Amino acid sequence: MPNSQKPTLSVVSPVFNNAGSLSELVKRIVSTRDTEFPSYQLEVVLVDDGSSDASASEIQSLLSAPHSGTTIRLLRLSRNFGQVSAIVAGLAASHGDARVVISADLQDPPEVISQLVQHFEHGSEVVVAARKERNDGILATLFSRASYAVARRRYKDMPRGGFDFFLLSRRACEQFVAKPGRKRFLQGEVFELGLTRSTVPYERLKRPIGKTQWRFWKRVEYFVDLVLASTNVPMRAATLLGFVSVVASAVYATVVILSRLFGVVPGEGWTPIVLLTLFFGGLTVFLLGLIGEYVWRIYEETSGKRQYLIEFEQASPPSQEV
């Protein structure tokens, strides 16, 4: 357990195939603490979310290396549960008075942590690092803008570029972790805490090592999850679309009847019938799929499945005082 006589900062980082960046990440976190807020005990929690590369061995090397005033902890999950589950596991296992979540790929500069801590010391219980610039590819940028444009309909103060880098006070963290659920919109839940919040702008950097794990279909899945979790627009749109279809059908039926009365045959042949059948058949399948997405999420939340399972936990030896 960290030294209770000093304030403790916990830094939680979800790790999935991030070999090559972890040593540099920890080095920069420790250096930032040493230069910017040396009075804090530091706890770095690395959550290995079922990595298949050399991440585990790199973390083991960090555990055996001395870090003055710092405890390095490893949480190994039994399989890949996803980034949000890894973050929740790390926050739940951490002990800090303030707890920072940062990516393991060095796109979020660890040096920004000092600004988050400053806002925390001035009374903010939630401090969000908002991306003012993104050095990402076109696809990642488009998905991000579309996703957070939807999220901002419900969370008006949500940064336009979103965020994955943030600080929670102990109280905010306890409330965040206590919320049940497997399909969670992390950023929205952070805003829903309703505690004193501030924002720190920063530039998100290009990934210096390795390749992103966010492939096309994973981005699509994330976008669907975000939309369904943050707004009721899909169901409202489905209802509106059904109503419009019924009205259009009634109008078309009226046109056909009146045309017949005047001896006119509208749209001779099979073409109109085939087009209408395809349209309403596609519309029905789409609406059933939308309902299925909601039903599946209800099942996921009520099935009692674990959000994560820790296979084992290990910590570095007790460090000397700074």
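As the structure is a computational prediction, the values presented were derived from the model and not from experiment.
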> So Phe166 and Phe176, would you call those rings parallel, tilted or perpendicular, with 30° and 60° as cut-offs?
Replying inline: perpendicular
Between [atom1] on residue [X] and [atom2] on residue [Y], distance to nearest 0.5 Å:
| X | Y | atom1 | atom2 | answer |
| --- | --- | --- | --- | --- |
| Thr70 | Ile72 | OG1 | CD1 | 6.0 Å |
| Asp164 | Gln187 | CG | CD | 5.0 Å |
| Ser78 | Asp48 | OG | CG | 11.0 Å |
| Arg197 | Leu195 | CZ | CG | 9.5 Å |
| Ile59 | Leu46 | CD1 | CG | 5.0 Å |

[X] side chain to [Y] main-chain N or O, any donor-acceptor pair under 3.5 Å?
| X | Y | result |
| --- | --- | --- |
| Asn17 | Ser52 | yes |
| Gln41 | Pro7 | no |
| Thr35 | Ser31 | yes |
| Ser124 | Val127 | no |
| Thr32 | Arg28 | yes |
| Ser94 | Ser10 | no |
| Ser57 | Ala54 | yes |
| Glu43 | Leu9 | no |
| Asp105 | Ser103 | no |
| Asp49 | Val15 | no |

Any [X] side-chain heavy atom under 4.5 Å of [Y] side chain:
| X | Y | value |
| --- | --- | --- |
| Val30 | Arg33 | yes |
| Ile87 | Leu186 | yes |
| Val44 | Ser13 | no |
| Phe165 | Val200 | no |
| Val11 | Ile102 | yes |
| Phe312 | Leu74 | yes |
| Gln83 | Phe16 | no |
| Leu62 | Ser23 | yes |

Nearest heavy-atom neighbours spanning [X] and [Y]:
| X | Y | result |
| --- | --- | --- |
| Ala172 | Leu193 | O-CD1, 3.8 Å |
| Ala129 | Phe163 | O-CB, 3.4 Å |
| Glu311 | Leu77 | OE1-O, 3.7 Å |
| Pro14 | Ala86 | CB-CB, 3.8 Å |
| Ala89 | Leu75 | O-CD2, 3.7 Å |

>> Which residues pass the side-chain contact (heavy atoms from CB on, under 4.5 Å) test with Arg170, not counting sequence neighbours?
In response: Asp97, Arg99, Glu174
> Can you check side chain to side chain contact (heavy atoms under 4.5 Å, CB included) on Leu42 and Ile29, steps first, answer last?
Replying inline: CA-CA 9 Å; Leu42 181 62; Ile29 291 173; 3.8 Å; yes
>> Do Arg131 and Tyr202 form a cation-pi contact, if we require the NZ or CZ to be under 6.0 Å from the six-membered ring centre and within 45 degrees of the ring's axis?
In response: no
> Residues in salt bridge (Lys or Arg N to Asp or Glu O under 4.0 Å) with Glu125, at least two apart?
Replying inline: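 For Glu125, the residues satisfying salt bridge (Lys or Arg N to Asp or Glu O under 4.0 Å) (neighbours in sequence not counted) are Arg171.
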Set of ring-ring contact (aromatic ring centres under 6.0 Å, His included) partners for [X], sequence neighbours left out:
| X | value |
| --- | --- |
| Phe81 | none |
| Phe120 | none |
| Phe37 | Tyr40 |

> Would Leu91 and Leu168 count as a side chain to side chain contact (heavy atoms under 4.5 Å, CB included) if you check the C-alpha gap in whole Å, the side-chain angles of each, and the deciding distance to 0.1 Å?
Replying inline: CA-CA 9 Å; Leu91 289 173; Leu168 299 177; 4.3 Å; yes
> Is a side-chain donor-acceptor pair under 3.5 Å present for Asn18 with Glu58?
Replying inline: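 No, because no side-chain N or O of Glu58 sits under 3.5 Å from a partner of the opposite role on Asn18.
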>> Go through it in stages, so that I can follow the logic: the residues are Gln314 and Leu63, the test is side chain to side chain contact (heavy atoms under 4.5 Å, CB included), and I'd like the CA-CA distance, side-chain angles, deciding distance and then a yes or no.
In response: CA-CA 8 Å; Gln314 188 175 353; Leu63 292 176; 3.7 Å; yes
>> Tell me whether Leu288 shares a hydrophobic cluster with Leu240, the cluster being built from Ile, Leu, Val, Met, Phe, Trp, Tyr side chains joined at under 4.5 Å.
In response: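 In one cluster: no.
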>> I'd like to know whether Leu258 forms a side chain to side chain contact (heavy atoms under 4.5 Å, CB included) with Thr254, so could you lay out the CA-CA distance, the side-chain angles of the two residues, the decisive distance to 0.1 Å, and finally the verdict.
In response: CA-CA 6 Å; Leu258 292 177; Thr254 303; 4.0 Å; yes
> For Val295, what are the other residues in its hydrophobic cluster, where any two members join if their side-chain heavy atoms are less than 4.5 angstrom apart?
Replying inline: Ile291
>> Tell me whether the count of non-hydrogen atoms from other residues, nucleotides or ligands lying under 6.0 Å of NZ in Lys179 goes above 12.
In response: yes
